[in-house]
Number of protein chains: 4
Amino acid sequence: MRVPLERYGTLVPVVNARRADVRADAQRNRARVLDAAEVVLARDGLSASMREIAELAGVGVGTIYRQFPTKEALYQAIVQDRMRRLAERAGELAQAADAGEAFFEYFSTIVADSTVKKVLVDALAASGIDAKAGAPDIKGPIAALLARAQEAGAVRRDVGMEELLALLSAACLAAQHNNWGDDLRARTLAVVFDGLRPAGKARASG
Amino acid sequence: MRVPLERYGTLVPVVNARRADVRADAQRNRARVLDAAEVVLARDGLSASMREIAELAGVGVGTIYRQFPTKEALYQAIVQDRMRRLAERAGELAQAADAGEAFFEYFSTIVADSTVKKVLVDALAASGIDAKAGAPDIKGPIAALLARAQEAGAVRRDVGMEELLALLSAACLAAQHNNWGDDLRARTLAVVFDGLRPAGKARASG
Amino acid sequence: MRVPLERYGTLVPVVNARRADVRADAQRNRARVLDAAEVVLARDGLSASMREIAELAGVGVGTIYRQFPTKEALYQAIVQDRMRRLAERAGELAQAADAGEAFFEYFSTIVADSTVKKVLVDALAASGIDAKAGAPDIKGPIAALLARAQEAGAVRRDVGMEELLALLSAACLAAQHNNWGDDLRARTLAVVFDGLRPAGKARASG
Amino acid sequence: MRVPLERYGTLVPVVNARRADVRADAQRNRARVLDAAEVVLARDGLSASMREIAELAGVGVGTIYRQFPTKEALYQAIVQDRMRRLAERAGELAQAADAGEAFFEYFSTIVADSTVKKVLVDALAASGIDAKAGAPDIKGPIAALLARAQEAGAVRRDVGMEELLALLSAACLAAQHNNWGDDLRARTLAVVFDGLRPAGKARASG
DNA sequence: GATGAATGAGGGTTCATTCAT
DNA sequence: TATGAATGAACCCTCATTCAT
């Protein structure tokens, strides 16, 4: 019931410095919570508990709820965070010299990187939440990557975004679910990539 | 007050012996529980509750526990059931004339059929249970199918069981997770199958 | 729903032999259930389950319920059975030559014998049931024993039935609860018996 | 909607530090839970339910589990609490002028006080838990009391701790079990105490 | 704003009792 | 009549969420 002192100050932003401090704190907490949540979710999956996340983040559970009104909101935030980063990377690779290489590298990177993501998408899907809600558009950058690779003759022209995302999702899901090692991932993706290449294009063996 | 029996499956065993009559009830209930569990698990994933399964099956929770001492035991039973059916189908296809066709058809069938499986395997994995414990071997029949398809020149010789299972698992996971429709499944698997074929072999287009 | 055949016979007891058979069966079952219940109760205490009792007795649970409409009824039956036996024994000892010896022996016997009883009394008490309801009177025979011992000068005259039963109950409770061995029981009862004897009467030491 | 706080105990600790304020709530709740648990256990015995305890204490079940991770832990806490208080009282009486009086008074006090204890020890025993685990030693102080009383000639020298504890336990058990009133307790213990006194020592009558 | 104690619905599981066989 | 499968209330316990501090 104790009202923060600041609330009773004059309307002039006298305490700017102090308030900024608070902001910094809040932001640092938000980041800490997100990091902790990723770790805990990767380890415990869907059943991760808010308490554990809070403990790992070194904050009280109440602090999490201040930033994320709901467990699901926390999950969404993580997913969106990931998506944003992926979109950024796609944007970077869109400048690459070798469009085919860029495309396949991006695909591999996402899969290698997806250990955590699945659980989250899973969670969101299970809750009937649209993971994309409010998220930065990731399809756009990927579509650009695909188009460039197709123009460069590195990817079949009859492959659409839908199949591509399906393959990507499948690989991510399995990589996380079955804990693909680097070797298995490479060999498995090799097959998929071969399937994506135009007939007659480079292939390891036969 | 109860879900009509007819809604689930059609396993009405005909038994004659008097004592077996009692069992008939139990067997029908067992089947109903398994069916209901698949449905609920597909819908709610890991967090499906025994109560809900019982309600959908039209039985009391106690009835489930009579057949399956534990929630995990129920999950395992479903997985094993699936595995058994898959192994059976693989055995059938091993006799097919066209080894390549048999192989790819089997792959497609499993994926089309995998709506539920993922959640279960998921569940088991999360519980640290070995899904294969006591289950009929499914790798054997699949390996046989693969070997025949390779001998027939329908599948690349440098693809091993590990990659194959990884691809299969990935497709199943994604099919279930993202709710692939028939069309998307066909197009996506087409890419994968192309990747599995020897270089120079039939390909739809480019 | 099948009505027993006998019910529709003529009123003449035509099927006497057969009915007697049934009776014998039922009686044997009743005895078996009582025995099993004592064993299980002694081992598992209040939380003994009907199923376990049934299994040990070698009958179905339904059979128990035919004889005893309720778990509590079963408990009561056991207690009453015990009480009856104790009353019988008291009656026998009432004829003994040495009234003092008879009294103390009876006391000891009951205590030594009480391993099981406590749990039952406990159970009944917990359920708010009067253990004595419908039971054969045990106070009468004991009072007789006490009176004779007092007349014989072996027990103080100022000890009443109430204290006596309190002491008896206490010893039984503790014997069962703390698992008194023969030795400890003897030494403990020696003190109590000394307290019951008239001043100046025989005492082990000082 | 809730049981008035005042109904149980009067443990309202006064703490000054700000952080300790939070604890004050927790401590009061802890005390309330312990009190309520004693009441419910005394009434319902082993089968007391956590929910009922929570309701009587006027808290949610979760609050109990915050303090006591397990039902058994709660039981243990109560037992240990009792034991500690008894040990303290024994320590006090060890200073008393009249060693014999102190000894017999202590015995009486424990019995009068034992309404709840039995059920608890019962519960713990049933769960295979060692009631003494981590509990303050109560045997030491009692042994001291006994030794002094024997030296003072108030208690027979051939009575050992084992018999003494057996008698004490028996009296407590019965007092709780059969709901001894003050009068009955006095008369019953009179007999026991007489048995504990050296031959020839004061005795009420004969 | 941060904390974590409190809450209580809900989860898995057991078991006294009923009832179809 | 005996059997044991079925039932579902009740149990212990967890955890997302709220709220007093």
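In what follows, chains carry the letters A, B, and so on, assigned in the order in which the sequence lines appear, proteins first and then strands, with residues in each chain numbered from 1.
In this structure, the OH atom of Y75(A) is 11 Å from the P atom of dC15(F), given to the nearest Å. Distance, Y65(D) OH to dA9(E) P: 16 Å, rounded to whole Å. Note: CD (E55(D)) to P (dT7(E)) measures 12 Å, nearest angstrom. Note: CG (L41(B)) to C1' (dG11(E)) measures 14 Å, nearest angstrom. When rounded to the nearest whole Å, the span between CZ of R30(B) and P of dA6(F) equals 12 Å. At whole-Å resolution of the value, NZ in K71(B) and P in dG12(E) are 4 Å apart. The nearest whole Å value for the distance from the CD atom in E52(D) to the P atom in dC11(F) is 8 Å. We find that CG of L74(A) is positioned 16 Å from P of dC15(F), with the value rounded to whole Å.
Judged by distance alone, the side chain of Q67(D) and the main-chain N or O of A26(D) form a donor-acceptor pair under 3.5 Å. Side-chain atoms of T70(C) do not come within 3.5 Å of backbone N or O of A73(C) as any donor-acceptor pair.
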Nucleotide-level pairing of DNA chain F, given in dot-bracket where Watson-Crick and G-U pairs need both distances under 3.5 Å and | marks other strands: .||||||||||||||||||||
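Looking only at side-chain heavy atoms (C-beta outward), F68(B) and I78(B) stay at 4.5 Å or farther from each other. By the 4.5 Å heavy-atom criterion applied to side chains, V61(A) and I53(A) are not counted as neighbours.
Here the options are V39(D), V33(D), D35(D), the test is side-chain contact (heavy atoms from CB on, under 4.5 Å), and the partner is L56(D); only V39(D) passes.
The residue among M50(D) and V59(C) whose nearest nucleotide of DNA chain F lies closer to the 5′ end is V59(C). Place A48(B) and T63(D) on DNA chain E by their nearest nucleotides, and T63(D) ends up nearer the 5' end. Each of I64(A) and R51(B) was matched to the nucleotide of DNA chain E holding its nearest heavy atom; the match closer to the 5' end belongs to I64(A). Nearer to the 5' terminus of DNA chain F, by closest-nucleotide assignment, is the contact made by V61(C) (compared with the other of V61(A) and V61(C)).
Between N29(A) and dG1(E), a side-chain N or O to OP1/OP2 separation shorter than 4.0 Å is absent. Taking only side-chain nitrogens and oxygens, S49(D) never comes nearer than 4.0 Å to OP1 or OP2 of dA10(F).
One distance of note links CG of L34(B) with CG of L74(B); it measures 6.5 Å at 0.5 Å rounding.
The residue R66(C) sits close only to the backbone: its heavy atoms come under 4.0 Å of sugar-phosphate atoms, none of a base.
Residue R32(C) places its CZ atom among more than 12 non-hydrogen atoms of other residues, nucleotides or ligands, all under 6.0 Å distant.
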